[in-house]
Student: 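Got a structure here, written out as structure tokens. Questions coming.
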Amino acid sequence: MKDVEALISAVSMHMNEAALVLRAQRGAAGMAGVLFHTNFFRTDLPQHSAEPVLTLPRPTNDTLELTAIAAALVRRHFREGCAYQKAGVILADIRPEAGAEGALETASGRQWSLFSEEELAGNPGRRALMETWDGLVRRWGKDVLAPASTKLARRWEMRRGHLSRCCTTRGDELLRVGADDAEEDHGRGV
């Protein structure tokens, strides 16, 4: 990835998937970041590595907000002339989302937050948008919606040549233990 759009596209795709997981777990991130680096084995090429992380003004799980932050971090730390090989995202300081948390219950009673629930909840319209987003993803699959920044560079696509089997989560990839071989052997009198 030699251009900034390809790198933003890759990071945006990863952030989209991370935000989906974050909302599914009813969490919100207090810190967001990106990481990208060149191929360290290609010493003949310019080298660069970046892992900027930003502390957010309030925890969020909003895909569009997190993606915009990731794109801004890539633009700020991208170096022209470097061929980036790997990109990813960082979500840290994970907490229960504001709607799930509200005021915390403690042994001595209710612990009040410094901020009002409205401030913690963020924009209710965006919350409704993310709930609709998640509903569409559940019904039609995760590729049905994505931020526009994931489509900036169509040349980029995640490499999945060495992807592990999903035998614990997908029925069509369950491991088969010689059942067919045993029948064949038994039929031959072995």
Side-chain angles (χ1 to χ4, degrees), residues 1-95 97 122 126-127 129-134 136-138 140-170 173:
M1 296 176 275
K2 284 193 169 194
D3 61 340
V4 71
E5 286 83 17
L7 192 55
I8 289 173
S9 183
V11 166
S12 295
M13 190 197 75
H14 292 309
M15 191 61 84
N16 179 36
E17 291 189 14
L20 283 169
V21 171
L22 198 56
R23 284 193 306 278
Q25 297 175 352
R26 296 192 50 126
M31 300 173 78
V34 296
L35 57 100
F36 50 95
H37 64 78
T38 55
N39 185 346
F40 296 120
F41 298 106
R42 293 289 312 268
T43 56
D44 57 321
L45 298 174
Q47 299 293 311
H48 181 242
S49 176
E51 292 183 25
V53 176
L54 181 68
T55 300
L56 306 177
R58 64 175 176 75
T60 186
N61 59 16
D62 185 309
T63 297
L64 302 176
E65 191 175 343
L66 290 169
T67 303
I69 290 165
L73 288 172
V74 168
R75 281 192 175 91
R76 190 175 309 141
H77 295 274
F78 180 82
R79 282 199 190 156
E80 206 59 52
C82 290
Y84 292 100
Q85 175 189 17
K86 192 170 201 163
V89 297
I90 301 165
L91 292 176
D93 191 17
I94 308 295
R95 316 166 185 192
E97 67 181 336
R126 286 297 276 268
R127 180 180 293 274
L129 175 64
M130 292 298 110
E131 288 172 5
T132 302
W133 187 304
D134 293 341
L136 289 169
V137 167
R138 275 191 303 276
W140 302 103
K142 68 180 181 179
D143 294 329
V144 72
L145 281 176
S149 57
T150 63
K151 307 297 182 197
L152 285 175
R154 296 208 175 229
R155 302 183 295 281
W156 184 85
E157 194 169 313
M158 189 183 313
R159 287 185 285 177
R160 294 180 173 244
H162 300 290
L163 188 65
S164 299
R165 292 175 53 147
C166 300
C167 58
T168 60
T169 57
R170 294 187 56 174
E173 293 189 13

Student: Could you grab the distance from atom CG of Leu22 to atom CG of Asp62, nearest 0.5 Å is fine?
Tutor: 10.5 Å

Student: Let me confirm one number: the NZ-CG distance from Lys86 to Leu35, rounded to the nearest 0.5 Å.
Tutor: 8.5 Å

Student: Roughly how far, to the nearest 0.5 Å, is the NZ atom of Lys2 from the CZ atom of Arg79?
Tutor: 15.5 Å

Student: For residues Arg23 and Thr63, determine if any side-chain heavy atom of one lies less than 4.5 Å from a side-chain heavy atom of the other.
Tutor: yes

Student: Output every pair passing salt bridge (Lys or Arg N to Asp or Glu O under 4.0 Å) with a member in residues 34-45, not counting sequence neighbours, ordered by first then second residue.
Tutor: Arg42-Asp44

Student: Which pair of heavy atoms, one from Ala87 and one from Ala10, lies closest together, and at what distance?
Tutor: CB-CB, 4.3 Å

Student: Report yes if some heavy atom in the side chain of Asn61 is under 4.5 Å from a heavy atom in the side chain of Arg26; otherwise report no.
Tutor: no

Student: Under a 4.5 Å cut-off applied to non-hydrogen side-chain atoms, are Asn39 and Leu45 in contact?
Tutor: no

Student: For Met31, run the side-chain contact (heavy atoms from CB on, under 4.5 Å) check against Leu91, Ile90, Ile94, Val53 and tell me which one passes.
Tutor: Val53

Student: Within a strict 4.5 Å, meaning less than it, do heavy atoms of the Glu65 and Met130 side chains meet?
Tutor: no

Student: Could you list all the ring pair (Phe, Tyr, Trp, His ring centres under 6.0 Å) pairs where at least one residue sits in residues 15-37, not counting sequence neighbours?
Tutor: Phe36-Tyr84, His37-Phe40

Student: Nearest 0.5 angstrom please: Ile8 CD1 to Asp3 CG, how far?
Tutor: 9.0 Å

Student: I'd like to check Leu64 versus Leu129 (side-chain heavy atoms, cut-off strictly below 4.5 Å). Are they in contact?
Tutor: yes

Student: Within the structure provided, determine whether Thr38 and Gln85 are in side-chain contact (heavy-atom separation under 4.5 Å).
Tutor: no

Student: Could you note down all residue pairs passing salt bridge (Lys or Arg N to Asp or Glu O under 4.0 Å) where residues 45-54 supplies at least one of them, sequence neighbours left out?
Tutor: none

Student: Rounded to the nearest 0.5 Å, what separation is found between the CZ atom of Arg138 and the CG atom of Leu20?
Tutor: 10.0 Å

Student: Using atom types as modelled and distance alone, determine if a side-chain donor or acceptor of Glu97 lies under 3.5 Å from a backbone N or O of Arg95.
Tutor: no

Student: Which atom names give the shortest non-hydrogen contact between Met15 and Gly33, and what distance separates them?
Tutor: CE-O, 4.0 Å

Student: Report the distance from atom CG of Leu66 to atom NE2 of His14, rounding to the nearest 0.5 Å.
Tutor: 15.0 Å

